[in-house]
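Keep in mind that what you see is a predicted model, and the values were worked out from it rather than measured. Residue numbers run from 1 in the order of the sequence given.
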Amino acid sequence: MISSSVLPLKKRRLKCWAKGANLVTDHQISSIPKLRNLKLINRYAGLYTEAVSRKKIHELIKKSHGLTIADISELCGADSAEVLVDVMWLVASGKVLINIDETFGYESLIWVGGGQ
């Protein structure tokens, strides 16, 4: 049971918080590109199958200073969905980079960082 002296304090805090608060829904949070990208990376991080050689994809990206899924698909003669799986694994492992703040898609740029 809450003591009577604590209740007014909690009400005052709630009123102060509510004046400047903006409620954010789960839908709004999940529509943020960074969160969607992190979910996508997480989904593929643990996969152990390779549709296309990850080493080959890594080398293509490294040599070209950046490619898209569509570019890699064309260069490898593989389906874009298969390439996506391997690229997301490479992103999850830190071997290639994407702009995490923009919605990731088949035309998003993928590159190798300076230390790779």
Item to check | Any donor-acceptor N/O pair, N99 side chain to L109 backbone, under 3.5 Å | outcome: no

Checklist entry - I57 versus L67: any side-chain heavy-atom pair under 4.5 Å? => result no

Checklist entry - Are the side chains of W111 and K62 in touch, meaning some heavy atoms are under 4.5 Å apart? => result no

Next on the checklist: Working to the nearest 0.5 angstrom, can you tell me the gap between L84 CG and S108 OG?
Outcome noted: 10.0 Å

Checklist entry - Just wondering, do V91 and L97 contact through their side chains at under 4.5 Å, heavy atoms? => result no

Checklist entry - Under a 4.5 Å cut-off applied to non-hydrogen side-chain atoms, are Y106 and V83 in contact? => result no

Checklist entry - Between the main-chain N or O of A78 and the side-chain N or O of S73, is there a donor-acceptor pair closer than 3.5 Å? => result yes

Next on the checklist: I'd like to check D101 versus I32 (side-chain heavy atoms, cut-off strictly below 4.5 Å). Are they in contact?
Outcome noted: no

Checklist entry - Is the side chain of D86 donor-acceptor paired with the backbone N or O of V52 at a distance under 3.5 Å, no angle test? => result yes

Checklist entry - Nearest 0.5 Å, what's the CG-CG distance between L40 and L35? => result 11.0 Å

Item to check | Spacing of CD1 belonging to I110 relative to CD1 belonging to I61, to within rounding of 0.5 Å | outcome: 5.0 Å

Checklist entry - Going from OG on S64 to CD1 on I72, what distance comes out if it is rounded to the nearest 0.5 angstrom? => result 7.5 Å

Checklist entry - Can you find a heavy atom in the side chain of V112 that is under 4.5 Å from one in the side chain of K95? => result no

Item to check | Minimum side-chain heavy-atom gap F104-M88 below 4.5 Å | outcome: yes

Item to check | Donor-acceptor pair, side chain of D71 and main chain of T68, under 3.5 angstrom | outcome: yes

